[in-house]
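Worksheet: one structure, shown below.
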Protein chains: 2
Amino acid sequence: MPEKPAAATLRLSTFLPFRLSVLSNAISQRIAELYDREFGLSVWQWRVMAVTADTPGISATEIGQRTQMDKVAVSRAVAGLIEMGYLERRPSTDDARRSNLVLTPAGLGIYDLIVPLALAEEARLVSALSDKEQTELARLMGKLAGASSPDRELW
Amino acid sequence: MPEKPAAATLRLSTFLPFRLSVLSNAISQRIAELYDREFGLSVWQWRVMAVTADTPGISATEIGQRTQMDKVAVSRAVAGLIEMGYLERRPSTDDARRSNLVLTPAGLGIYDLIVPLALAEEARLVSALSDKEQTELARLMGKLAGASSPDRELW
DNA sequence: AACAGATAGTTTCATATGTAACTAATTTCG
DNA sequence: CGAAATTAGTTACATATGAAACTATCTGTT
């Protein structure tokens, strides 16, 4: 009588999707807590601010594309930021469905406070890697992104 | 009159926490859909199955440590798996608070079906990288994990 | 012009998730 | 021993999230 074949096993701790997920969550949580504690912002709101600072007058749809947020999430983040007085909605002259979003002076003010903190936190994190390693990591992640989502651009 | 100093800007697309999060989500979602569509499992349920297959008789608390899930998530995943008939709870003889968890034959059955699919998906993904690059990626992620969570072991 | 899609964005609803409170069993220590 | 503190795990509640439906506007076709 044949042995029952040993089933293949899967060690979670070496399984890439698991490792990536755990690592990403650990990092995100740490930063999210910073945004929330210091400024009362969610990560989504912060992302909206970041792309709006980069491209004033951007539309909600375009924000979604650049941040990989779905339109509901964008809508909610925008609503929250407007309520907090950090973002302003300007009706577009050529398309009444869309709005042009811009940061208010208050929004720009806290943006300028957050950026250095975020960059410092990133720097602290990657300081464990040499410059060369940092570059290499970025490159490898780019390759993975291509393989994971051949359809859409991730960044 | 001095110029208003140009505020530091932050390009989301090169900001490591953002890139990691987007990449991880893209990969996780693809795999989650596989588990759900083919087997009706959530990612958490799958993780519980994976560590239970690896260590039969494991406790819920230990599952939490190994998978980085909090105890509520573990509790819910376990309850779901038991309901589906994939997992069995055995009261521990030496500590009445804890249960020893084991996969049922049905649970082992689908575990054996899932493992090759999960490994194949991972292989498809990392096939964009050479063997050397794969090793390097794992190494760099390990370093980052250490830097991001000096307190607890991530894997 | 006028109808049939498409598109921008919001709202609704059902589900997922995390925090805190809770129960029960165990350990610690006076 | 026995009260206080810890630990394993579940339940309850409040919030976050995503899918689908919806409103309003725009585009293309006839």
Side-chain angles (χ1 to χ4, degrees), chain A residues 21-22 24-26 28-33 35-37 40-48 51-52 55 57-84 87-102, chain B residues 21-22 24-26 28-30 32-33 35-37 40-48 51-52 55 57-84 87-102 152:
Chain A
S21 168
V22 169
S24 168
N25 286 345
S28 287
Q29 261 191 288
R30 183 178 287 264
I31 297 209
E33 207 220 305
Y35 297 153
D36 182 37
R37 173 166 35 82
L41 293 179
S42 71
V43 172
W44 313 119
Q45 290 172 335
W46 160 245
R47 288 190 187 172
V48 166
V51 296
T52 305
T55 308
I58 195 172
S59 71
T61 301
E62 199 181 343
I63 289 176
Q65 291 160 188
R66 294 235 217 137
T67 59
Q68 298 293 322
M69 293 165 64
D70 76 50
K71 62 183 181 175
V72 178
V74 173
S75 176
R76 289 198 263 242
V78 165
L81 288 170
I82 288 172
E83 172 135 7
M84 289 187 268
L87 198 68
E88 193 191 331
R89 206 196 302 269
R90 298 190 175 153
S92 170
T93 53
D94 50 311
D95 186 339
R97 292 168 304 178
R98 117 192 244 301
S99 298
N100 298 327
L101 299 166
V102 292
Chain B
S21 168
V22 168
S24 168
N25 286 345
S28 286
Q29 260 191 289
R30 183 178 287 265
E33 207 221 305
Y35 299 152
D36 182 37
R37 173 166 37 82
L41 294 178
S42 71
V43 171
W44 289 278
Q45 289 172 336
W46 161 246
R47 288 190 187 172
V48 167
V51 296
T52 305
T55 309
I58 195 173
S59 70
T61 301
E62 199 181 343
I63 290 176
Q65 291 160 187
R66 294 235 217 136
T67 58
Q68 297 294 322
M69 293 163 63
D70 76 50
K71 63 185 181 173
V72 177
V74 173
S75 177
R76 289 198 263 242
V78 165
L81 289 169
I82 288 172
E83 172 136 5
M84 290 187 268
L87 198 67
E88 193 191 330
R89 204 196 303 267
R90 297 189 177 154
S92 170
T93 53
D94 50 314
D95 185 340
R97 291 169 305 179
R98 116 191 245 300
S99 297
N100 299 327
L101 299 165
V102 291
R152 70 205 150 112

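Convention: sequence-line order gives letters A, B, ...; per-chain numbering from 1. The figures that follow rest on heavy atoms only: side chains count, while hydrogens, waters and symmetry mates do not.
A:Ser75 places no side-chain N or O within 3.5 Å of a backbone atom of A:Lys71 that could act as its donor or acceptor partner. Side chain of B:Ser59 to main chain of B:Glu62: a donor-acceptor pair is present (N/O by atom type, distance under 3.5 Å, no hydrogens or angles).
When rounded to the nearest whole Å, the span between CD of B:Glu83 and P of D:dT10 equals 14 Å. With rounding to whole Å, B:Leu101 atom CG is found 14 Å from D:dT10 atom C1'. When rounded to the nearest whole Å, the span between CD1 of B:Ile63 and C1' of D:dA8 equals 12 Å. When rounded to the nearest whole Å, the span between CD of A:Gln45 and P of D:dT15 equals 15 Å.
A close approach under 4.0 Å does occur between a side-chain nitrogen or oxygen of A:Trp44 and OP1 or OP2 of D:dT17.
In this model, no donor atom of one side chain and acceptor atom of the other lie less than 3.5 Å apart for A:Thr52 and A:Arg66.
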- line: For nucleotides 2-12 of chain C, 5' to 3', base contacts (B), sugar-phosphate-only contacts (S) and non-contacts (-) with protein non-hydrogen atoms under 4.0 Å give ----BBSBBBB
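Two residues, A:Ala73 and A:Asp94, neighbour DNA chain D, and the one matched to the more 5' nucleotide by heavy-atom proximity is A:Ala73.
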- request: Could you please spell out the steps behind the side-chain hydrogen bond (donor to acceptor under 3.5 Å, both in side chains) verdict for A:Arg76 and A:Ser42?
  value: CA-CA 11 Å; A:Arg76 289 198 263 242; A:Ser42 71; over 6 Å; no
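Annotation for B:Val74 and B:Ala60: closest pair CG1-O, 3.6 Å, computed over non-hydrogen atoms.
With sequence neighbours excluded, the residues forming a salt bridge (Lys or Arg N to Asp or Glu O under 4.0 Å) with B:Asp95 are B:Arg97, listed by chain and number.
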